Amino acid sequence: MIVDWEAEFQRTIDADSRIEPRDHMPESYRATLIRQIAQHAHSEIIGMQPEGNWITRAPSLKRKAILMAKVQDEAGHGLYLYSAAETLGVSRDQLIELLHTGRQKYSSIFNYPTLTWADIGAVGWLVDGAAICNQVPLCRCSYGPYARGMVRICKEESFHQRQGFEILRVLSAGTAAQHAMAQDAVDRWWWPAIMMFGPTDDESTHSQQSMTWGIKRFSNDELRQRFIDMTVPQADALDLTLPDPALRWNDERGHYDFGPIDWAEFWQVVNGDGPCNRQRLAQRVAAHAEGAWVRDAATAYAAKRADPGAGQAGSSTAAA
Ligand code: BYC
């Protein structure tokens, strides 16, 4: 029997079921997923840098242990996501190469510096908070391996968000200098966090197609609004001010209104000219080169286990 795989693909999407790696899928669906999942994976591992920067300077042993666990979680998220991308027929090596040569993107947010300990709180509260808003709907993404990976990632992100909130809560209720440090971090991270959701819907190249395929469930603007609505009361609870004088509840819309976003800054950062773009990429490339011996050793060990007899003659000659 000849199966019309295009119709079968569409039936699966329409029934809100999952597409699995061995199912037929349009090439453009595969390419869109590879692009998005790879960008997401790259963001996780580049995202380790601004926080990793503070592991040695965390203010107590407990804070250090928590931050180390969080940064390790991000590495794990990268691993799940590269594995999900591999089910689409690309290798992790290929994707890493695309990142290192600037041909694939990672999230704009990780090109901003973490200047004080309060930034670790602001990153957890705002950046992980934005990540949760964006990623919870991805647990229902039409591509099975991505959706399943996201379930675990979101559980961990939710813990990350709370630890950030808690850091800021302690600082905000501390001395005047600590409160000022928390406020300064929020002032610097608010707008970049809002930009994480991507361009406005009318400027978004991929949203419409990705929503038709059930990859994205909500548009960039819908998720941005959801994040703002969720975060304003949390800022009140923290006794911190969000740096947007236009932020106010709109009864008619049932949402908070907010001020204009600096899209020139967003595109400058996306196109490689943010405060830390060069530093982040250089550090990633250097870390990869420095880790080459680990990959070589793991490859040699795997080859030895696959063929335990190989190399025995050489070693016995050497021993004699
Ligand atoms: N930064 O058509 P659009 C995390 C690009 S990980 C850079 O709306 P799409 C975390 C976009 O790629 C955070 N580039 O795209 C980790 C496209 O360019 P190309 C990452 C951006 O894909 C560690 C162009 O702009 N999260 O949270 O439909 C610690 C037009 O955009 C950005 C994910 O990756 C940006 N912010 O929607 C803590 C989640 N925004 O590719 C936290 C999965 C847009 O045509 N990804 N661009 O050259 C997504 O949900 C979607 O890819 C996006 C963008 C909403 C980000």
Side-chain angles (χ1 to χ4, degrees), residues 28 31-52 67 69-81 84-85 98-99 102-112 114 119-120 122-141 143 146-147 149-150 153-154 156-161 163-164 189 191-213 215-224 226-227 261 263 265-274 277 280:
S28 45
T32 294
L33 278 168
I34 292 175
R35 181 189 61 79
Q36 178 168 325
I37 300 172
Q39 170 171 317
H40 194 166
H42 300 330
S43 305
E44 298 285 353
I45 62 167
I46 296 272
M48 295 167 73
Q49 291 185 32
E51 292 180 287
L67 186 57
K70 178 179 193 281
V71 174
Q72 277 178 341
D73 282 352
E74 312 299 1
H77 297 174
L79 201 63
Y80 312 152
L81 290 162
L98 290 170
L99 168 67
R103 283 175 291 161
Q104 270 182 347
K105 297 183 163 75
Y106 60 87
S107 181
S108 49
I109 193 75
F110 300 116
N111 293 306
Y112 291 85
T114 40
D119 285 39
I120 298 305
V123 168
W125 176 44
L126 297 175
V127 176
D128 288 275
I132 293 169
C133 264
N134 167 264
Q135 295 174 17
V136 165
L138 291 173
C139 298
R140 293 191 295 115
C141 162
Y143 187 59
Y146 190 26
M150 290 315 302
I153 292 177
C154 284
E156 293 175 353
E157 295 292 13
S158 146
F159 167 74
H160 295 171
Q161 195 257 0
Q163 69 86 38
W189 285 92
W191 289 107
I194 295 293
M195 293 176 195
M196 279 175 76
F197 294 90
T200 52
D201 292 351
D202 49 351
E203 295 286 325
S204 166
T205 336
H206 306 287
S207 279
Q208 206 172 9
Q209 180 61 73
S210 289
M211 286 174 74
T212 310
W213 278 329
I215 295 174
K216 284 168 86 162
R217 298 285 173 168
F218 299 96
S219 75
N220 298 356
D221 285 333
E222 284 171 328
L223 292 173
R224 190 177 355 259
R226 185 178 291 189
F227 171 68
I261 295 171
W263 291 113
E265 173 181 323
F266 172 75
W267 288 115
Q268 190 176 335
V269 175
V270 170
N271 292 323
D273 206 14
N277 293 58
R280 298 285 185 247

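For ligands, and for the atoms within them, numbers begin at 1 and follow the listed sequence. Computed from a prediction, not measured in an experiment: that's the story for all the values here. Every heavy atom of this structure was used, including side-chain atoms; hydrogens, water molecules and symmetry mates were not.
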Task: Straight-line distance of Asp128 CG to Glu51 CD, nearest 0.5 Å - done: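 Atom-to-atom, Asp128:CG and Glu51:CD are 6.5 Å apart.
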For the 3.5 Å polar cut-off, considering only N or O atoms, please tell me whether [X] and ligand 1 meet it.
X	result
Trp267	no
Glu44	no
Asp128	no
Met196	yes

Below 4.0 Å from any atom of ligand 1, is there a heavy atom belonging to [X]?
X	answer
Phe218	no
Met195	yes
Pro199	yes

Output the list of atoms in ligand 1 that are nearer than 4.0 Å to some heavy atom of [X], sorted by atom number.
X	answer
Phe197	55 (C)
Val270	7 (C), 14 (N)
Gln135	4 (C), 6 (S), 26 (N), 27 (O)

Open item on the list: So, using ring-ring contact (aromatic ring centres under 6.0 Å, His included) as the criterion, who are the partners of Phe110 when residues are at least two apart?
Closed with: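 Here no residue qualifies.
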TODO: Determine, stepwise, if the pair Trp191 / Glu265 fulfils side-chain contact (heavy atoms from CB on, under 4.5 Å).
DONE: CA-CA 10 Å; Trp191 289 107; Glu265 173 181 323; 5.8 Å; no
Task: side chain to side chain donor-acceptor pair (under 3.5 Å) partners of Asn277, counting only residues at least two apart - done: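 Per chain and number, Asn277 pairs via side chain to side chain donor-acceptor pair (under 3.5 Å) with no residue.
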TODO: State whether Arg224 and Asp221 are salt-bridged, where the test is any N-O pair (Lys NZ or Arg NE/NH1/NH2 against Asp/Glu carboxylate O) under 4.0 Å.
DONE: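 Yes, charged N to carboxylate O under 4.0 Å.
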- [ ] On the 0 to 90° scale, with breaks at 30° and 60°, tag the Trp263-Phe266 ring pair as parallel, tilted or perpendicular.
- [x]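 Aromatic pair Trp263/Phe266 classed perpendicular.
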